[in-house]
Chemist: 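Below are the structure tokens for one structure; questions will follow.
Here is the naming used below: chain letters follow the sequence lines, and residue numbers restart at 1 for every chain.
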Amino acid sequence: MLWSRALIPTVKEAPADATSASHIFLTRAGYIRKVGAGMYDFLPLGVKVLKNVEAIVRREMNRAGALEVLMPQLLPGEYFKETGRWDLYGDVLFRLKDRKGGDFNLGPTHEEIITDIARREIRSYRDMPKNLYQIQTKFRDEPRPRGGLLRCREFSMKDAYSFDVDEESAKKSYEEMRVAYNKIFTQMGLNFRMVAADSGAIGGNTSAEFQVLVDSGEDAIVVCDTCDYAANVEVASAAAKPAKVSEAATTVRLADKQKVHTPGHGSIEDITKFLKVSAPEMLKSLVYVAGKDAVLVVVRGDHEVNEIRVARLLGVNEVFLASDAEVERATGAKVGFAGPVGFKGRVLVDRAASLVVNGATGANETDYHFTGVNFSRDYEGEVVDVRLAANGDLCPNCANAGKNGKLTLYKGIEAGHIFILGTKYSTAMSASFLDPAQEKKPIVMGCYGIGVSRLVATIVEQHHDAEGISWPWRIAPYHVEIVSIGKDAAVLEAATKLYADLQARGVEVLWDDRDERPGVKFKDADLIGIPLRVTVGGKGLAAGNVEVKPRTELDPKKAELVPVASAAQIIADRVHAALA
RNA sequence: CGGCGCGUAGCGCAGCCUGGUAGCGCACCUGGUUCGGGACCAGGGGGUCGGAGGUUCAAAUCCUCUCGCGCCGACCA
């Protein structure tokens, strides 16, 4: 492709609202343009990248034996009503009416529709296992789209669904997807972890997320520095053991409980400075509302409450941090002075917090704290695991085996998710089969998602520098970018020949043939991120050379000189080796 | 949904407080000089100031309503 004939609208300034690297560079480099909140145009380069991502996903799904289908995006409302998700999905579901007033929705995911296929077409145990997938546009009215392609209201997703005769067979299907997903993300050049994930309200099911490690990620995961353990902080908390505060703390004598005047020092940060204690010596006490009851949750000052686990322990769907007024009603003190000593009501104490010796905590009296507080002597409560895993915790997997692995906290972007659904949808929609004993049984399902358009952004998050994008070979819109310097006949002739010779060898080439100054072309080349740059200019040609430089090398002096005559073959060989 | 904030040229912004000719940089067009890491000079085109209503002799500016958008939080396969 000649740049002069392409549509690659690079810009110097990033959109003001962009905060993530992928949003900034994909926009600046002319891959995408915003149309509305969570809606984007894919310009020509963007489409090429998206198609490359799709191709990898499609190939590995096919290799894993999955069958591609295509379901509608516009769906009659009856399907979601059949499983109850018409109501459950709430405002996230895009709803619309047709001319006759009938209910329709845009597909946010396709369990209902695929289950409809299954109940019509799968009748015998002989018809399974089956795995059906599609790559298609999804619609979710997200409360807050953000990060460019990272969270959209309209996005491209690969969703696969497996159908098996029983749980054991379903696990095999799940396992095949796990293997396929590892191949897919590896080929995309991503640094990712498969992590144990919260299995949600449906107990006993298996679920794992594929988290790509980037600082701009929305999810928090912990990774062991010694073994291969990795988990979402929400599930890691129960098993992880906190690092010890200090040896002295465990052998020190119990101090007397004392009330201390702490005017206006409500927050953990304030109070640790004021009382000159460390955060791990604080008993952080938070009031939660579960239904009608106020519950006090106590964690160590350096820990965070795992709200999902609190809700699970209390047997409710969700809990909310109490409002200021509710806190005052429950504790008799202003926010910032709650504590377990003398609290009237249910108290959940995190295991790590219960071990704090001579701790400091709110006195349930405005402007007062207690110091020298010890569990059981000064307060009671149910000792449970209600904190999120934290940096430096001992690994629950290998610490016991004497390896002393420590957990490190990372931010992640959820790129994929695999899940054994069980019979939730097959039961709700009567998708059953006859087993060899002629018994009617519900199909056991699994579902497997990959955020395809999100991956485009995710890859940029991991493959960029200060100058722009640096695509992995298999994702890049072109393999080689030729930069011709000036308008000398010799330069044009050499570039024209190289361009043709590379194409003849199956290399995808972009030639920046614009009448621009060299600096502009180099800047744009770094911005759009083609893996290999070939500079054809008077200086090099005088010595019979072109200059070859990978995008990952920023120092132009380190470009490699390659003889013009053999350049096409050498470069083509290199490209094919990189793609092999 | 809660908190804060933003809508002025294709993009990034100033002007608003204190009402009185709508500006700057980039991009774009013309001419010239330049040409190996985002050139320079000269000239030029382009804006219902998000929308509606109100106050006023006069509104980008003040008031009311409304729509759109963003950041933080909550929520979320």
Side-chain angles (χ1 to χ4, degrees), chain A residues 9-20 23-24 27-28 30 33-39 85 88-93 107-111 138-148 150-153 155 157-161 197-202 207-211 218-219 232 234 307-308 311 317-321 323-324 413-419 421 446-452 454 466-468 483-488 491 512 514-527 533 535-542 546-547 549 554-557 559:
Chain A
T10 58
V11 290
K12 287 183 191 171
E13 282 185 282
D17 51 30
T19 51
S20 68
H23 190 188
I24 292 169
T27 303
R28 284 194 51 210
R33 288 289 184 265
K34 185 163 92 169
V35 173
M39 294 167 275
R85 291 213 290 182
L88 275 178
Y89 241 101
D91 291 336
V92 174
L93 195 65
T109 174
H110 279 69
E111 280 81 5
K138 298 283 188 259
F139 298 89
R140 294 183 193 180
D141 196 354
E142 291 284 349
R144 193 183 151 202
R146 71 182 98 179
L150 287 174
R151 179 172 294 274
C152 285
R153 295 201 285 183
F155 60 99
M157 175 171 166
K158 188 283 300 176
D159 47 326
Y161 307 88
D198 186 69
S199 53
I202 317 159
S207 164
E209 295 166 346
F210 287 78
Q211 292 277 355
E218 295 181 300
D219 295 326
N232 195 300
E234 292 160 1
E307 298 186 357
I308 291 176
N317 277 335
E318 49 186 350
V319 293
F320 301 95
L321 207 51
S323 68
D324 291 6
I413 296 173
E414 183 184 353
H417 183 225
I418 58 178
F419 200 98
L421 285 170
C447 71
Y448 318 92
I450 289 181
V452 173
R454 173 183 281 183
E467 295 298 313
V483 175
S484 55
I485 305 291
K487 288 177 284 191
D488 284 356
V491 168
D512 190 346
R514 293 174 299 170
D515 182 16
E516 287 285 357
R517 296 163 62 87
V520 173
K521 293 191 177 187
F522 290 140
K523 285 286 185 189
D524 273 347
D526 287 344
L527 190 57
R533 190 182 84 191
T535 306
V536 180
K539 279 187 187 174
L541 284 183
V546 296
E547 295 139 56
K549 185 187 82 62
L554 274 179
D555 186 353
K557 287 180 217 126

Chemist: Searching all strands shown, indicate the nucleotide that pairs with U64(B) (Watson-Crick or G-U wobble; both distances under 3.5 Å).
Modeler: A52(B)
Chemist: Expressed in whole Å, how much space separates the P atoms belonging to C40(B) and C57(B)?
Modeler: 50 Å
Chemist: NZ of K138(A) versus P of C76(B): gap in Å, rounded?
Modeler: 21 Å
Chemist: For a quick check of understanding: with a heavy-atom distance under 4.0 Å over all strands, which category does R153(A) fall into, base, sugar-phosphate or nothing?
Modeler: sugar-phosphate
Chemist: Report which part of the nucleic acid E218(A) touches: base, sugar-phosphate, or nothing (heavy-atom distance under 4.0 Å, all strands).
Modeler: nothing
Chemist: Applying a 4.0 Å non-hydrogen cut-off, can you work out what D159(A) is touching in the nucleic acid: base, sugar-phosphate, or nothing?
Modeler: nothing
Chemist: Expressed in angstrom and rounded to an integer, what is the separation of K12(A) atom NZ from G10(B) atom P?
Modeler: 19 Å
Chemist: Which nucleotide, in any strand shown, forms a Watson-Crick or G-U wobble pair with A59(B), with both distances under 3.5 Å?
Modeler: none
Chemist: Expressed as a whole number of angstroms, how long is the span from R33(A):CZ to C11(B):P?
Modeler: 10 Å
Chemist: Distance check, C1' atoms only: G46(B) and C63(B), in whole angstrom units.
Modeler: 32 Å
Chemist: Under 4.0 angstrom, heavy atoms only, what part of the nucleic acid is V92(A) near: base, sugar-phosphate, or nothing?
Modeler: nothing
Chemist: Can you find a heavy atom in the side chain of F522(A) that is under 4.5 Å from one in the side chain of I485(A)?
Modeler: yes
Chemist: With rounding to the closest Å, how many angstrom separate the P atoms on A27(B) and G70(B)?
Modeler: 28 Å
Chemist: Whole Å only: how far is the CD atom of E307(A) from the C1' atom of A74(B)?
Modeler: 9 Å
Chemist: G451(A) or G38(A): which one's nearest nucleotide on RNA chain B is closer to the 5' end?
Modeler: G38(A)
Chemist: From C-beta outward on E467(A), which listed nucleotide comes closest to its side chain: C72(B), G37(B), G38(B)?
Modeler: G37(B)
Chemist: Side-chain contact, heavy-atom cut-off 4.5 Å: K487(A) with D515(A)?
Modeler: yes
Chemist: What's touching nucleotides 28-36 of chain B from the protein side, N or O pairs under 3.5 Å?
Modeler:
| from | atom 1 | to | atom 2 | distance (Å) |
| --- | --- | --- | --- | --- |
| U34(B) | O2 | R517(A) | NH1 | 2.7 |
| G36(B) | O2' | K539(A) | NZ | 3.1 |
| G36(B) | O6 | G537(A) | O | 3.4 |
| G36(B) | O6 | G538(A) | N | 3.4 |
| G36(B) | O6 | K539(A) | N | 3.0 |
| G36(B) | O6 | G540(A) | N | 3.3 |
| G36(B) | N1 | E547(A) | OE1 | 3.2 |
| G36(B) | N1 | E547(A) | OE2 | 3.0 |
| G36(B) | N2 | E547(A) | OE1 | 2.2 |

Chemist: Please determine, for C16(B), whether a Watson-Crick or G-U wobble partner exists with both distances under 3.5 Å, and give it or none.
Modeler: none
Chemist: Under 4.0 angstrom, heavy atoms only, what part of the nucleic acid is F155(A) near: base, sugar-phosphate, or nothing?
Modeler: base
Chemist: Counting only Watson-Crick pairs (N1-N3 plus N6-O4 or O6-N4) and G-U wobbles (N1-O2, O6-N3), all under 3.5 Å, who is the partner of C28(B)?
Modeler: G44(B)
Chemist: Does R144(A) get its side chain close enough to the base of C76(B), under 3.5 Å, for a donor-acceptor pair?
Modeler: no
Chemist: By the 4.0 Å heavy-atom rule, please label R454(A) as base, sugar-phosphate, or nothing.
Modeler: base
Chemist: If we call it a pair only when both distances are under 3.5 Å in a Watson-Crick or G-U wobble match, what pairs with G2(B)?
Modeler: C72(B)
Chemist: In whole Å, I'd like the distance from the CG atom of L93(A) to the C1' atom of C76(B).
Modeler: 14 Å
Chemist: Given side chains that start at C-beta, do those of D91(A) and D141(A) come closer than 4.5 Å, heavy atoms only?
Modeler: no
Chemist: Can you confirm whether R454(A) sits close enough to E414(A) that some side-chain heavy atom of one is under 4.5 Å from a side-chain heavy atom of the other?
Modeler: yes
Chemist: Taking the nucleotide of RNA chain B with the closest heavy atom to each, which residue, D219(A) or P145(A), is nearer the 5' end?
Modeler: P145(A)
Chemist: Rounded off to whole Å, could you give me the CG-to-C1' distance for the D526(A) and G38(B) pair?
Modeler: 11 Å
Chemist: Under 4.0 angstrom, heavy atoms only, what part of the nucleic acid is D91(A) near: base, sugar-phosphate, or nothing?
Modeler: nothing
Chemist: Does S484(A) offer a backbone N or O that forms a donor-acceptor pair with the side chain of K521(A) under 3.5 Å?
Modeler: yes
Chemist: Is there side-chain contact between R514(A) and D524(A), with heavy atoms separated by less than 4.5 Å?
Modeler: yes
Chemist: For the side chain of R146(A), starting at C-beta, report the closest nucleotide among G37(B), C69(B), C71(B).
Modeler: C71(B)
Chemist: Is a donor-acceptor contact shorter than 3.5 angstrom present between the side chain of R140(A) and the base of A77(B)?
Modeler: yes
Chemist: Of the options G25(B), G38(B), C69(B), whose atoms approach the side-chain atoms of E13(A) most closely?
Modeler: G25(B)
Chemist: Could you check which nucleotide pairs with G37(B) in any of the strands shown, counting Watson-Crick or G-U wobble with both distances under 3.5 Å?
Modeler: none
Chemist: State the pairing partner of A77(B); accept Watson-Crick or G-U wobble contacts with both distances under 3.5 Å, and report none otherwise.
Modeler: none
Chemist: Is there a donor and acceptor pair, one atom on the side chain of R28(A) and one on the base of G38(B), closer than 3.5 Å?
Modeler: yes
Chemist: Measure from the side chain of V520(A), starting at C-beta and using heavy atoms only, and say which of C75(B), A77(B), A39(B) lies closest.
Modeler: A39(B)
Chemist: Counting the atoms with a prime plus P, OP1 and OP2 as sugar-phosphate, which does K34(A) contact under 4.0 Å by heavy atoms, base, sugar-phosphate, or nothing?
Modeler: sugar-phosphate
